[in-house]
Chemist: 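A single structure is presented below for examination.
Numbers restart at 1 for each chain; the letters A, B, ... are given by sequence-line order, proteins then strands.
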Amino acid sequence: MTTKLFASKLRQTCNRGLISHLRTLSVAATATAPTPSPLPLQEQQYEDAGEITMKGVKISGRPLYLDMQATSPVDPRVLDAMLPFYLSRYGNPHSRTHLYGWESDIAVEKARAQVAALINASPKEIVFTSGATESNNISVKGVMHFYKDKKRHVITTQTEHKCVLDSCRHLQQEGFNVTYLPVGSDGILDLDHLRSAIRPDTGLVSVMAVNNEIGVIQPVEEIGKICKEMNIPFHTDAAQALGKIPIDVEKMDVSLMSLSGHKIYGPKGVGALYIRRRPRIRVEPQMNGGGQERGIRSGTVPTPLVVGMGAACELAMKEMKYDEKRITALQERLLNGIRAKLDGVAVNGSMERRYAGNLNISFAYVEGESLLMGLKEVAVSSGSACTSASLEPSYVLRALGVDEDMAHTSIRFGIGRFTTETEIDRAIELTVQQVEKLREMSPLYEMVKEGIDLKSIQWAQH
Amino acid sequence: MTTAASAPSRAEVLSLFRSLLRVARQFSDYNIREYTKRRTIDSFRQNRDLADPSTISSAFSDGKSQLEVARRQAVVYSLYAPRVKSVMEIEHR
């Protein structure tokens with residue numbers, strides 16, 4: 001049609017325009033045909049025109065990305081804000097004597113204000129760290145070490161992130177007492193359990209706002225109210241919650257909050273810690289050095305990363321409503337699409353109190369690893385990235401009371417700002433195809449179809 | 001703040017819209033391309049009924065700065081485009 005011709009002509013002139021624009025940049029000649037960097041031989045990875053082979057798996061293109069809880073792509077607007085600080089404005093923000101230092105310092109303070117604005121805090125209450133893991137470490141270990149004379153007890157939940165649980169284990173080895181509160185089968189903490197666990201020497205309550213594996217939203221405001229009544233510092237890991245659900249440190253009565261850059265379309269390697277000033281909470285620093293970041297986290301503040309995180313937070317504030325509406329619609333589409341074609345599909349975690357972009361589903365009578373191996377064209381995960389090295393089922397699902405066989409077969413779909421409807425449809429198609437294939441091969445499924453109750457079977461011992 | 005005393009004309013707004021969509025097509029990454037297209041259409045649709053001239057000019061200048069960002073990033077993304085495309089761009093039987 002004429003419109004197609006016109007469109008292709010337009011595209012040609014654009015490409016020509018783009019290429020001539022590239023030529024005006026001095027590196028144009030090498031840019032049009034990018035030379036591949038030498039690939040390490042052990043990896044056995046090759047990208048030929050038209051297919052990728054890695055770890056023995058051959059796929060025709062880059063998989064569609066549905067793993068937003070592991071990390072998120074950097075938004076081009078964030079990258080645009082970061083690049084000048086890698087190219088010409090490379091000063092150390094702590095250099096006080098020259099322009100390079102001054103301009104970097106201004107940029108860092110601007111980013112600090114952007115992060116603070118997203119959570120309704122003051123910029124003076126934000127400390128930049130290397131990520132949410134470091135912020136969690138500073139919160140848990142730093143607070144308890146500072147108040148170690150009077151406070152010896154920590155309360156947390158069984159579904160926390162590994163870094164919080166590991167820090168608590170470290171504290172236990174040092175002689176502190178830790179209570180790991182159980183959660184209900186929907187993943188939500190029972191507030192009465194919390195109230196009964198509080199002791200006079202409780203120094204910290206740590207509950208994450210949005211769980212990274214199952215996506216449930218904890219009742220942070222109610223927990224904050226309880227902690228404020230009993231005058232106990234409340235720490236929340238808001239790495240998955242930042243920019244996705246509205247966060248207000250005043251409404252939530254939090255004393256400490258961990259934030260992560262790479263979950264909100266920012267760069268990896270940066271995070272922040274919100275530390276309340278009124279009433280003041282003190283922490284013992286985990287990184288000693290020149291006293292940067294008010295002595296709480298010494299070390300040069302990485303200007304480009306911090307600027308990226310600030311830009312990502314500002315974007316998140318602007319785009320939160322739009323993204324939330326879209327992602328909720330995509331989640332419904334995904335769930336309905338899968339449920340329409342398959343039975344034996346269970347969603348792990350509460351459906352009501354859930355962040356829409358995280359959908360953790362278990363497929364009955366299917367083995368999880370083989371399902372993942374079959375879904376080569378979809379990048380999803382089962383369990384969290386941190387625990388995927390071990391073979392045991394995720395401790396979060398175990399804490400929910402999910403049966404072992406269902407826990408092994410759980411898949412976490414992460415939907416984000418850049419996910420399209422077509423990707424969701426393709427993911428549904430591939431998942432359904434793979435699950436049906438595996439179920440057809442499964443003798444357990446045959447028995448279930450005949451009406452045998454699997455739990456009543458006495459497996460013969462040889 | 002530089003205030004454009006006169007609100008942009010209809011032709012200017014349409015030209016901005018078309019430029020944004022043109023730049024969107026130049027992105028080598030499937031997800032960013034689709035997002036830029038979709039976000040442009042949705043924002044212009046959302047701002048269609050603005051009446052106050054200062055709001056209109058600030059939305060217009062915001063749009064222009066986004067166009068500059070998109071132009072630069074389209075170049076950067078094409079410089080580092082992976083050799084193999086996303087599965088979504090490959091013919092699906």
Chemist: Taking all non-hydrogen atoms of both residues, which atom of A/Arg62 and which atom of B/Pro82 are closest, and how far apart?
Modeler: CD-CG, 3.8 Å

Chemist: Under 4.5 Å, heavy atom to heavy atom, which residues of residues 316-328 of chain A contact chain B?
Modeler: A/Glu319, A/Tyr322, A/Arg326

Chemist: I need the contact set between residues 39-52 of chain B and chain A: heavy-atom distance under 4.5 Å, sorted by residue number.
Modeler: B/Arg39, B/Asp42

Chemist: By number, which residues in residues 29-38 of chain B have some heavy atom less than 4.5 Å away from chain A?
Modeler: B/Tyr30, B/Asn31, B/Ile32, B/Glu34, B/Tyr35, B/Arg38

Chemist: Which atoms of A/Pro63 come close to chain B, meaning under 4.5 Å heavy atom to heavy atom: side chain ones, backbone ones, both, or neither?
Modeler: backbone

Chemist: The criterion is salt bridge (charged side-chain N to carboxylate O under 4.0 Å, His left out); which residues satisfy it with B/Glu68, sequence neighbours excluded?
Modeler: B/Arg71

Chemist: Under 4.5 Å heavy-atom distance to chain A, tell me which part of B/Gln66 shows up: side chain, backbone, both or neither.
Modeler: side chain

Chemist: Side chains of A/Ser60 and B/Val87, heavy atoms from C-beta outward: is any pair under 4.5 Å?
Modeler: yes

Chemist: Please tell me if the side chains of B/Val76 and A/Leu83 come closer than 4.5 Å, counting only heavy atoms from C-beta onward.
Modeler: yes

Chemist: Any side-chain heavy atom of A/Arg426 within less than 4.5 Å of one from B/Met88?
Modeler: yes

Chemist: Would you indicate whether A/Lys268, at its atom NZ, is surrounded by more than 12 heavy atoms from other residues, nucleotides or ligands within a distance under 6.0 Å?
Modeler: yes

